Structures are given as C-alpha cells and as structure tokens.
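Note on naming: letters A, B, ... go to the chains in the order of the sequence lines (proteins, then strands), and numbering restarts at 1 for each one. These numbers come from a predicted model, not from an experiment.
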Amino acid sequence: MDINIPNDLLYTKTHEWIRKGNGGTATMGITDYAQQHLKDIVFVELPSIGKETKAGTPCAVVESVKAAYDIFAPVSGKVAGCNPKVTNNPQLVNEDPYGEGWFSTIALADPGELDNLLTPEQYRVHCESGQ
Amino acid sequence: MKRTPLYDVHNKLNAKMVEFHDYLMPLQYGSIIDEHLQVRKAAGLFDISHMGRFEVSGAGAFPLIQHLITNDASRLAVNQAIYSPLCNEQGGFIDDILVYKRNENRFLLVVNSSNTVKDLEWFQRHAPCYQPVKIANVTEQTSLIALQGPHSGHILETALNQPIGRLQTFYADEFAWDGVLLTVSRTGYTGEDGFEIWADANHAVKLWDVIMNSGERDGLKPAGLGSRNTLRLEACLLLYGNDMDETVTPLETTASWTVKFDKGDFIGREALLRQRECGLARKLVGFEMIDRGIPRHDYPVFLGSEAVGRVTSGSFSPSTNKNVGLCLIQSQAAQTGNEIHIQIRDNKYKARIVKTPFYTREITHGHKYTK
C-alpha cells in the first residue's frame with residue numbers, strides 16, 4: 001500500500017494528522033492511511049465550535065459504508081472552526097485527506113502537547129508495522 | 001477459521017478479508033459502493049460458499065421439510081425453489097432458507113452460515129418421525145458462487161456454453177461443464193436478475209476464473225459481502241441475526257407472505273395463528289433518513305418522545321443516494337409516512353417510514369433471459 005505522509009505535519013498512533021497554524025491554533029484531519037483503510041467514507045460528524053477537546057479522546061466520527069469509527073483529538077484545546085465542505089461531501093476525505101478533507105481547527109490549550117505527537121518518520125514506521 | 005475453496009482467489013485479488021461466522025470472507029475488493037453499483041448496472045461475482053448446504057433425500061424428505069418450513073413445498077414443481085422461514089414452536093425464526101426440489105425424493109437446502117449447525121440439528125431431531133430420510137451436510141464438499149446483475153444471463157451462457165437463459169426465476173437445473181455437472185439456479189440476494197451456481201469444491205477456482213474471464217468485457221467484477229449487504233437491504237431482503245432471530249416471527253416482518261396456514265400443520269403454526277388473531281404488536285418497516293446520519297443495527301427508534309423499537313439494518317444506499325434502514329417498531333407507530341427519530345450516538349435524527357423495497361429493478365429489456 002502506497003501511503004502519502006506529508007513532511008510538514010505531525011501524527012497520532014490513531015491516524016490523525018495535525019498542522020500547526022498561526023496564533024496558537026492547529027488544523028486536524030485523518031491520514032491517507034486511515035482513509036485507505038476505511039474506504040468509501042459516507043458520513044462525517046464534526047464537533048461544534050467552542051467544544052473542548054482533550055488529547056486522545058473522541059472528537060469526531062467518520063462512517064464508511066460498513067461501520068462508524070471514532071476520531072481522536074490529537075491535542076487538547078477548544079474547537080475554533082470546522083470544515084462544512086466535508087460534512088456536505090464526506091468523499092473529500094477519501095479524495096484529499098490533507099487538503100479539502102480537513103476536519104477542524106483547534107485553539108491549543110498547551111502547545112507543548114505537540115511534542116508528544118509522531119514525526120512523519122515515526123508515523124511511517126508505525127503504519128508499516130500494520131497498526 | 002474456515003476458508004472457502006476460493007480463499008486463494010480472494011487473496012490474489014487483494015480483498016479485504018473479514019471473519020464472518022467461522023469463515024474468512026472477502027468484505028470488499030475495492031470500494032463497496034463501486035461493487036454495489038457494478039451489480040446494479042452490469043454484474044458482480046460473489047463467493048457465497050460459507051452458506052450452509054444440505055441434501056435431504058428419501059421418501060420422508062418432503063413431509064419432513066413441509067413440517068419444518070412455513071411456506072408450502074407442495075406447490076413446488078420439480079426444479080423449482082422457494083424461500084421459507086424455519087420456525088420454532090413459538091413462531092420465531094430459527095432461520096430463513098431456500099428449498100430446492102430436485103425430484104420427488106430429493107431436496108437441496110441453502111441456510112445461513114451462522115445457523116448451519118443449529119439447522120442441521122433441528123432437521124435431525126425431527127427426522128426420526130419421517131423415515132426413511134437422509135440429511136447430508138454437503139457444505140464443505142461443494143462451493144457456491146453467485147453471479148448477479150442484469151448482464152449475468154449473457155455472461156453465464158457464454159462462460160458455460162449452455163442454454164442457461166431458459167431457466168426461469170426461482171428454478172434450478174443441472175448443466176454439464178468441463179466434465180462435471182453444475183447445479184445452477186436463477187436466484188439471488190441482491191434484487192437483480194442473477195444465478196447461484198453449485199459446484200464441487202475442487203472445481204470452484206476454475207469455474208470462478210472461467211466466469212470472470214468470460215464476463216470481463218460485459219463489466220463483470222468480483223463483489224464482496226459488503227456490497228451483498230447493501231444490495232440486499234435496498235431490495236428489502238431480510239438478514240438473519242439482524243432483521244430477525246428466534247424472538248421475531250415472520251408475520252412481524254416483510255416475509256409474512258411465506259406463512260401458508262392453509263397447507264396443513266407445521267411447527268409454529270399454532271403460535272402464528274394466535275398472533276394473527278390477536279393482532280401484531282410490532283412490525284418491521286422501512287424508513288429513510290430526513291436528517292443527515294447513518295442508521296445502524298440496534299439504534300433506538302422514537303415516535304415523538306416515546307421509544308417504539310430498534311433499527312434492525314441500516315446503511316447508506318448507493319442506488320438511491322439516501323440513508324435507509326429497516327426497524328422493528330410498535331405497530332401503531334409503523335404507518336407509512338410517519339415521521340420518526342433515530343437515536344444516533346447522543347442525538348436524535350429525523351426519518352420517515354416509507355414503502356419498501358427501497359430499490360426495484362426495472363425490467364426493461366423484455367428480455368430473453370427471464371422466460
């Protein structure tokens with residue numbers, strides 16, 4: 001399986017990505033590895049703006065034809081924005097997981113938490129170990 | 001974990017394999033939605049060798065079967081097949097099965113893989129009253145392949161070089177192929193025209209390859225259990241263990257037409273008669289989501305603030321582009337057009353009860369394959 005893992009992002013073991021933005025915010029979504037495994041994504045449920053997230057706890061749901069899956073917050077903070085395009089057109093997660101298929105932006109509670117995430121190299125090793 | 005005779009074929013095709021009632025089965029080869037739509041517009045090839053297969057023979061075969069099923073096997077012509085529930089004394093589904101009449105003293109049964117052991121015991125338990133009768137479990141020595149979709153008649157005729165098209169719906173016959181006899185029936189679980197083909201286990205791979213090669217230019221693709229489920233749901237064909245089990249009776253479901261009270265005694269008849277006289281407390285009906293959300297098995301259903309039942313099956317429906325489902329709910333809530341709510345995780349979402357099936361195939365080409 002050919003997996004796209006961009007160099008400028010950080011990753012979780014549960015296959016979310018996060019991109020550090022300006023002003024203490026970060027954008028998140030699910031990885032190419034995740035979308036390839038889920039295949040046909042037909043539903044995305046995002047948290048409402050203002051909702052608190054806690055690193056490692058569920059913050060969204062994606063559903064393939066077959067089943068529903070929890071998506072976990074990579075970091076703690078407050079949801080600052082959501083991608084309405086992806087709820088209207090869930091297929092964007094399959095087509096462009098790191099671009100048009102982004103999920104939410106989070107106002108970080110503790111930017112230090114980013115240090116706990118996987119680097120692209122670490123994430124590639126994690127994916128290749130088949131977890 | 002058991003493997004079907006086609007296990008290596010699925011692996012070579014890079015199928016995503018899942019555990020399904022003791023068997024490792026292909027869930028999907030690529031996209032479930034693509035496989036689903038391919039079956040609707042052209043054809044798909046399914047390995048369904050996990051389904052249980054029995055041969056019931058002897059002078060007692062017919063009366064035994066007739067006593068255990070709710071449908072009427074006396075109406076069967078030689079080579080004809082029927083769908084029927086198998087009920088317990090309370091009228092609850094032990095299973096739903098296909099009964100093929102091969103001749104007066106020989107019947108083939110196809111049962112759900114999850115129920116193979118239970119059904120075999122059920123038949124054997126009642127067999128002593130119907131001697132002579134022999135019940136053979138032929139599941140592992142045979143394979144079963146389903147070819148489904150509007151192009152399947154043409155594909156199978158070309159592949160086997162036999163006049164398969166003369167088979168009518170719900171009829172089966174034997175056809176010579178490659179020095180052996182195949183049993184082919186015009187049956188399926190997708191809502192499309194199609195065939196199910198029995199072969200000896202050691203011919204399965206060659207048969208699969210021959211059909212696949214012959215069908216490629218007509219759009220034939222392999223299809224897995226994922227699309228089999230969405231296809232059957234759109235056609236409103238019941239799934240044992242989801243839509244019904246031993247606590248649900250056929251009268252409560254869309255299969256009420258398969259209970260033939262006038263055929264004479266059968267197991268469950270008394271309970272079902274009583275239920276018919278007292279009226280049904282609940283009904284299995286179809287619904288489509290109005291709000292965005294995908295209904296799944298066991299989600300609670302509400303009418304207003306009152307909990308009225310549960311979702312039995314639900315999915316995104318690729319043919320209608322809607323989210324649809326079946327639910328078993330209190331009869332007074334089950335009227336077509338009613339607005340209900342489905343609880344999905346922590347929220348309730350609007351849905352509407354609709355007529356089923358969700359999808360009916362168009363029979364446009366007045367075509368030579370149906371009659």
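Closest approach of A:Thr87 and B:Arg292 over heavy atoms only: O-NH1, 3.4 Å. Counting all heavy atoms, side chain and backbone alike, A:Val42 lies closest to B:Ile294 at CG2-CD1, 3.3 Å. Considering all non-hydrogen atoms of both residues, A:Glu45 and B:Arg345 come closest at OE1-NH2, 3.4 Å.
Residue contact with chain A, scored on non-hydrogen atoms closer than 4.5 Å, involves the backbone and the side chain of B:Ser31 alike. Using a 4.5 Å cut-off between heavy atoms, A:Asp70 does not touch chain B at all. With a 4.5 Å cut-off on non-hydrogen atoms, A:Ala68 touches chain B through its backbone and its side chain both.
At most 12 non-hydrogen atoms from other residues, nucleotides or ligands lie less than 6.0 angstrom from CD of A:Gln91. In this structure, B:Glu19 places its CD atom where only 12 or fewer heavy-atom neighbours from other residues, nucleotides or ligands lie under 6.0 Å away. Heavy-atom contacts from other residues, nucleotides or ligands closer than 6.0 Å to NZ of A:Lys20 number 12 or fewer.
Counting heavy atoms from C-beta on, the side chains of A:Val61 and B:Ile344 never come closer than 4.5 Å.
A salt bridge between B:Glu35 and A:Lys39 is absent, with no side-chain N of the basic residue lying under 4.0 Å from a carboxylate O of the acidic one.
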